[in-house]
Amino acid sequence: MSGLFFFSVLIYLHMSDVLEYLRWRGDLTFERDPLNEADHLVFSVLSYVKMDDLDSEGKTIEEIWKQYTETGVDQSKDTLDPSSVLKQCAESERYRNVRVTRYMNMLSEKDRMQFCAMLFHYLPERIYAAFRGTDSTFTGWHEDLNMSAVEQIPSQLTAAGYVQESLGGGSERLIFGGHSKGGNLALYAAAACSSDIRERIEQIVSLDGPGFRESFVSVPVFQELIPITVHYVPEESIVGMLMENPVADTVVKCDGALLDQHDPYMWHITRTSFERAEKLSGISEFTRETVDRWLESLSDEERNSFITMVFNAISSSGASRINEFVSHPFANTATVLSALSKADKETQNQASAVISKLLQASTDTVWETIRAGFIKSEREQDAE
């Protein structure tokens with residue numbers, strides 16, 4: 001017995017990521033051990049599982065994993081590959097009998113929309129509504145950038161309709177959650193759904209999800225949801241710093257740097273909780289200040305024009321997915337710059353104006369940071 005205890009302590013001391021959490025906690029069902037912070041990350045990663053060619057409705061995680069392997073689903077080239085988490089869940093007592101319903105995956109280049117969501121029935125009368133974040137398609141990334149330029153993006157409206165159709169008239173207690181754009185969709189859908197659904201929501205979880213336009217966060221129903229909403233962000237968060245979000249940040253220790261920390265596999269987990277970091281890094285705060293200042297300086301028309309121009313240029317690279325584009329940064333950046341140089345004079349002038357405002361915002365943020373540092377230093381000297 002003492003040897004088993006010692007072994008358990010060793011696992012606890014070395015546990016650091018979502019896969020190790022599943023290996024350690026996987027033997028305890030949700031009936032024996034309630035849903036915790038680490039489970040939010042698990043459900044968010046599972047939302048990236050492609051089930052389009054699977055018979056997923058009402059099936060358990062164990063049954064879905066069997067279909068997944070038999071049909072040869074390969075997500076190794078996706079921005080986030082959930083297969084290792086799916087496998088670990090299927091082999092665990094905790095997740096193998098969790099049922100999946102209402103899988104919906106939509107992609108429309110015409111409407112510039114990428115949306116996916118599903119319901120996880122993890123306990124009787126308990127449902128986790130998980131919203132997928134941005135996938136590796138250009139459409140998904142284009143839609144993300146449009147968040148700053150339009151009142152609602154198509155996937156937000158689709159998320160609201162999905163929740164209303166899937167959960168209306170029920171009695172189950174609900175949790176909404178998602179990673180990246182999925183976190184944004186979870187909060188948007190909660191604010192946009194009918195009051196009978198909203199009253200059943202126990203918690204809303206955003207894992208490094210971007211914020212919203214000021215016009216949305218100021219509405220009363222959004223403000224009412226803040227007490228039950230949590231926003232987890234990595235130390236060097238970039239995505240989670242974008243736009244307005246009055247929900248307080250809970251900062252998590254992560255491996256990697258900058259955008260690498262957006263990857264859920266990089267997040268540190270200790271026992272059943274995220275390992276806390278003391279504060280956001282300087283680069284994360286810099287990003288928040290710079291982007292906010294930049295967006296405030298642009299009109300919606302300028303944002304739309306710039307976003308469309310950049311993605312038209314990116315499409316000329318020949319890459320079909322964002323990770324293909326990023327994997328050849330020098331060649332593809334040259335292609336984009338070449339495409340921009342061939343644009344008409346008005347388009348070039350618009351691009352130059354927008355980029356100039358970004359550079360000005362960056363400069364202003366730098367000087368304000370330096371000035372604040374001098375003021376702090378002088379106050380400390382005076383105190384001495």
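It should be emphasised that the depicted structure is a prediction, and the values quoted were computed from it without experimental measurement. Each residue takes its place number in the sequence, starting with 1.
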For a quick check under 3.5 Å, do [X] and [Y] share a side-chain donor-acceptor pair by atom type?
X    : Y    : value
D249 : Y232 : no
Q114 : K181 : yes
T60  : E62  : no
T250 : H231 : no

(message) What verdict does the side chain to side chain contact (heavy atoms under 4.5 Å, CB included) test give for V18 and V42, after you've listed the backbone C-alpha separation in whole Å, the side-chain angles of each residue and the deciding distance to 0.1 Å?
(response) CA-CA 7 Å; V18 64; V42 174; 3.7 Å; yes
Quick one: are [X] and [Y] in side-chain contact, heavy atoms under 4.5 Å?
X    : Y    : result
W24  : R271 : yes
F216 : E151 : no
I197 : Q164 : yes

Counting only heavy atoms not in [X] (residues, nucleotides, ligands), do more than 12 fall under 6.0 Å from its [atom1]?
X    : atom1 : answer
E31  : CD    : yes
N105 : CG    : yes
K87  : NZ    : no

(request) With sequence neighbours left out, write down each residue that passes salt bridge (charged side-chain N to carboxylate O under 4.0 Å, His left out) with E57, or none if nothing qualifies. (result) none
(request) Using the test salt bridge (charged side-chain N to carboxylate O under 4.0 Å, His left out), find all partners of E125 that sit at least two apart in sequence or belong to another chain. (result) none
(message) Ring centroids only, cut at 6.0 angstrom: are F212 and F222 within range, meaning strictly under it?
(response) yes
(request) Just say parallel, tilted or perpendicular for the rings of F120 and F43, cut-offs at 30° and 60°. (result) tilted
(request) Assign the ring pair F30 / Y95 to parallel, tilted or perpendicular, where the plane angle (0 to 90°) is split at 30° and 60°. (result) perpendicular
(message) Quick test of your reading: applying salt bridge (Lys or Arg N to Asp or Glu O under 4.0 Å), list the pairs with at least one residue in residues 182-195, sequence neighbours left out, ordered by first then second residue.
(response) none
(message) How close do E235 and Q261 get, counting heavy atoms only, and between which atoms?
(response) N-OE1, 3.3 Å
(message) Just verifying a value: how many Å separate I228 CD1 and Q203 CD, rounded to the nearest 0.5 Å?
(response) 8.0 Å
